[in-house]
2 protein chains.
Amino acid sequence: MEEVQNKQVIFRNFITGLPKETDMELRTSKLSLKVAEGCRALIVKNLFLSCDPYMRGRMREFYGSYIPPFQPGAVIEGFGISKVVESDHPNFQVGDIVTGMTGWEEYSLIEKPDRLRKIDPRGLPLSYYLGLLGMPGFTAYAGFYEVCSPQKGEFAFVSAASGAVGQLVGQLAKLHGCYVVGSAGSKEKVDLLKNKFGFDEAFNYKVESDLNAALRRYFPQGIDIYFDNVGGTMLDAALLNMRDHGRIAICGMISQQSLSSTEGVYNLYSVIMRRVKVQGFLQSDYLHLYPQFTEAIINYFKEGKIVYVEDMNEGLESGPSAFVRLFSGKNVGKQVVRVAHE
Amino acid sequence: MEEVQNKQVIFRNFITGLPKETDMELRTSKLSLKVAEGCRALIVKNLFLSCDPYMRGRMREFYGSYIPPFQPGAVIEGFGISKVVESDHPNFQVGDIVTGMTGWEEYSLIEKPDRLRKIDPRGLPLSYYLGLLGMPGFTAYAGFYEVCSPQKGEFAFVSAASGAVGQLVGQLAKLHGCYVVGSAGSKEKVDLLKNKFGFDEAFNYKVESDLNAALRRYFPQGIDIYFDNVGGTMLDAALLNMRDHGRIAICGMISQQSLSSTEGVYNLYSVIMRRVKVQGFLQSDYLHLYPQFTEAIINYFKEGKIVYVEDMNEGLESGPSAFVRLFSGKNVGKQVVRVAHE
């Protein structure tokens, strides 16, 4: 029975504030690359791992969410792209490329592979199936079309706009005929928004002393659609700048994830005067749209109508720092860890 | 030319905190009961005046709202029931009973009567056309059916539940087959909710030290529909108790109207996990439903399926105190001022 040394990233213990690299540690254990007959399990070799803000929620000891917390002492879980190296499941063959929940480790035993999806990359980089064509991209697609009910000519604002979700929201909004402004946290990201993703305008929220004034400047006629990836003070400022019958899609609230007590939102009263809809959503409610999403995005990409930027980190060892950088906004684009070349 | 002494309630000046009686003053001026030929104006004798929370918004010097502020030194305006005593307008005859915007005074000159509506009371008390069959009743009707998208068997929560809007929301929700709980600010109001309006449960929010715990107690399975008349801490507590795909209709936020800086709402992040829709609305967006509203409510009332409670105040002089009592919650039911018997 072949056995390998398996490097892993372990979750140490529940946290309250911002995630730190020391909340995770590297460990090496042994893993047999064989599975018992009849168990329907797989062994996969992990190629890419996804760093996503929602994972912060799994670092709290809170059991009321749609997904349970990580277990202290166990391997971190997340979305990944993996290659099947052993299979006792009729739907999966050795060599298949799959995506779904896996472990932050070189090899993972997948006991219940039914929720994995096989990937035919169709000429796109494999790692894009964690971002543009994965959960973040689908969040952008479902949130923009299903929650924001966009109309041509409307004024759209996207926060965390260069992130895994925001960059696609902005490009879809442009393709839909909206006027699009994005906010991000550095000059480099603002340049990216304007010059690579084709946003009409973009600003660095960190240099704005008054977010309300900034939004008034970029949206003198007000905002029809706010795709909110951050919550907090940016949401408060947007609430003051919405147009009649505006829509706010609440998606991530990354600014609030690490606060032990969240910031208040003070301007909700303005939803009355402006008849604004504030809608929280999870992409998992829209999975019936996944096939049309994949087709649409692959076509747009091949036609050169959308682009995607990744922040690629090399090696499993880079996982903890890559994850932590999400929360300081140091990543530029979709944060991915490459564990192995195919 | 007949001239009368016309008692009036004058708005003194813009305010920042809670309205006080001294923000208004009584004055008597003279009014001719004749209008010039060709001016299409009316003179009306005011019978009932309505005290509504939105009027607080007109006491601020803020011009960005859907309705302009009151003018310091001028008569307070509001919804009223009036009798036409002089008319140069082809649609109105002396003796007609009308409702719409009028002045807080014994007689009003209505220069542009086109927005007044003639009333056939159809056996209901005239004053009900300010509450049950007026703007507050229509707010309840449009908000419940159009914004809350109610389903039979759902769990509905109404705050300020004995007020002009809340009492009808709760009764409509019961008629729709919902389980309905109301909150109010006194034992007397709680008794009214349970014994007169037929709410399944009701509680006095002033004796609850933990509103989140109170809602968990009354809604162990969570809330599908929250009809929010108050905002602030009650909204925050409700956000923690919503069920998946819950809906929150934001209507009044009376608790926030008098705060120079509003309280924060801290639990908005829960709209993501629970996929909650928070929708601000104004009844004026639904005026096409007014005829069906009137028919439905009059029928329910005549069949004994709904009741309505008013807090009737006698005499124009009682106007300032009646208005101020809205904001301390001292009124029980729809706050109305009777200016004259017909």
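Excluded from the calculations below are hydrogen atoms, water molecules and symmetry mates; all remaining heavy atoms, backbone and side chain alike, are included.
Looking at B:K277, B:Q279, B:R247 one by one, the single match for side chain to side chain contact (heavy atoms under 4.5 Å, CB included) with A:Q279 turns out to be B:K277.
Contact detail for B:I272 and A:I250: the closest heavy-atom pair is CG1-CG2, 3.5 Å. Between A:F281 and B:R275, the closest heavy-atom pair is CA-CG, 4.0 Å.
Rounding to the nearest 0.5 Å gives a distance of 9.0 Å between CG of B:L268 and CG of A:D236.
Proximity to chain A is limited to the side chain of B:R274, based on heavy atoms less than 4.5 angstrom apart. Contact of B:D285 with chain A is made through the side chain alone, with heavy-atom distances under 4.5 Å.
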